[in-house]
Asker: 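Structure provided below as structure tokens; questions to follow.
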Amino acid sequence: MKTEISSAAAFITSLLKTTGVIEESRLHQFCQVLQESMKDHYKHHWFPQNPFKGSGYRCLRINHKMDPLIGQAAGHIGLSHQRLFQLLPRELTMWVDPFEVSYRIGEDGSICVLYEGSAAGGKSLENHASCKDALRIGRNSPTKNYIMTVSS
């Protein structure tokens with residue numbers, strides 16, 4: 001659970017970091033608080049034998065409202081929900097499951113795998129070029145539209 005949570009929190013933190021408006025120390029604190037919140041929240045909803053059980057409960061979601069775990073971590077460093085909506089994608093879904101962390105930006109975006117593992121260990125896919133490049137393309141868009149591509 002630690003690796004999956006760490007991957008998810010680091011990704012959301014990196015989205016905030018790309019804005020360039022939050023100091024590194026506050027980003028680090030945000031990441032730590034988010035990881036602790038996720039760990040506590042998922043404590044009784046983590047089933048490595050059946051990874052999809054509880055997936056909806058563990059899903060982080062930003063759409064018309066802010067995900068409570070992300071909002072709580074942001075509040076800890078003095079960021080309001082309104083400011084978060086300005087800094088993060090308008091639509092973000094992140095699934096934090098045993099052995100896999102994936103995300104989608106936008107309702108019609110492709111699903112990108114951030115971390116993939118197995119009971120014997122896993123590997124972080126955070127440097128997966130197509131998802132990272134597509135995210136950069138989306139971040140530069142003034143209308144906050146995100147284009148996601150996945151290649152195999």
Asker: Check for me, please, whether F47 and M1 land in the same ILVMFWY cluster - side-chain distances under 4.5 Å, paths through other members count.
Answerer: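 They do not share one cluster, since no chain of ILVMFWY contacts under 4.5 Å joins F47 to M1.
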Asker: Any chance you could lay out the side-chain contact (heavy atoms from CB on, under 4.5 Å) test for M94 and F11, step after step, and finish with the verdict?
Answerer: CA-CA 10 Å; M94 180 172 275; F11 178 74; 3.2 Å; yes
Asker: Table please: side-chain donor-acceptor pairs of residues 58-74 below 3.5 Å, with sequence neighbours left out.
Answerer:
unit_1 : atom_1 : unit_2 : atom_2 : d
R58    : NE     : V96    : O      : 2.8
R58    : NH1    : H45    : O      : 2.6
R58    : NH1    : K53    : O      : 2.8
R58    : NH1    : G54    : O      : 3.4
R58    : NH2    : P51    : O      : 2.7
R58    : NH2    : K53    : O      : 3.3
R58    : NH2    : D97    : OD1    : 2.7
R61    : NH1    : T93    : OG1    : 2.6
R61    : NH1    : E107   : OE2    : 3.4
R61    : NH2    : E107   : OE2    : 2.4
N63    : OD1    : K65    : N      : 3.2
D67    : OD1    : R61    : N      : 3.1
D67    : OD2    : L69    : N      : 2.9
D67    : OD2    : I70    : N      : 3.4
Q72    : OE1    : S37    : OG     : 3.3

Asker: I'd like to know whether NE2 of H76 has more than 12 heavy-atom contacts from other residues, nucleotides or ligands below 6.0 angstrom.
Answerer: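 No, NE2 of H76 has 12 or fewer neighbouring heavy atoms, counting only those of other groups under 6.0 Å.
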Asker: For E24, what residues pass the side-chain contact (heavy atoms from CB on, under 4.5 Å) criterion, not counting sequence neighbours?
Answerer: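 Testing E24 for side-chain contact (heavy atoms from CB on, under 4.5 Å), a comparison that skips the adjacent residues, returns K17, L27.
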Asker: List in chain and number order the residues that pass salt bridge (Lys or Arg N to Asp or Glu O under 4.0 Å) with R26, two or more places apart in sequence or in another chain; answer none if no residue qualifies.
Answerer: E23
Asker: Please examine the side chains of L88 and T19, heavy atoms only from C-beta on, and report whether any two atoms are closer than 4.5 Å.
Answerer: no
Asker: Determine all donor-acceptor pairs shorter than 3.5 Å in which one atom belongs to a side chain in residues 28-36; sequence neighbours excluded.
Answerer:
none

Asker: Please tell me whether Y57 and V101 are part of a single hydrophobic cluster in this structure, the criterion being side-chain heavy atoms less than 4.5 Å apart.
Answerer: no
Asker: Any chance CZ of F52 has more than 12 other-residue heavy atoms, nucleotides or ligands included, within less than 6.0 Å?
Answerer: no
Asker: Within a strict 4.5 Å, meaning less than it, do heavy atoms of the V21 and L16 side chains meet?
Answerer: no
Asker: Is the shortest heavy-atom distance from the side chain of L114 to the side chain of S102 under 4.5 Å?
Answerer: no
Asker: Would you say D108 has more than 12 foreign heavy atoms packed within less than 6.0 Å of its CG?
Answerer: no
Asker: Rounded to the nearest 0.5 Å, how far does CD of E100 lie from OG of S55?
Answerer: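 Rounded to the nearest 0.5 Å, the OG-CD separation comes to 9.0 Å.
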Asker: Can you find a heavy atom in the side chain of I22 that is under 4.5 Å from one in the side chain of L79?
Answerer: yes
Asker: Start with the C-alpha distance between F99 and E4, add both sets of side-chain angles, then the distance that settles side-chain contact (heavy atoms from CB on, under 4.5 Å), and finish with yes or no.
Answerer: CA-CA 7 Å; F99 315 118; E4 291 87 343; 4.3 Å; yes
Asker: Step by step, work out the side-chain contact (heavy atoms from CB on, under 4.5 Å) result for H41 and M38.
Answerer: CA-CA 5 Å; H41 190 68; M38 291 169 71; 5.6 Å; no
Asker: Rounded to the nearest 0.5 Å, what separates atom CZ in R104 from atom SG in C112?
Answerer: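 SG of C112 is found 11.0 Å from CZ of R104.
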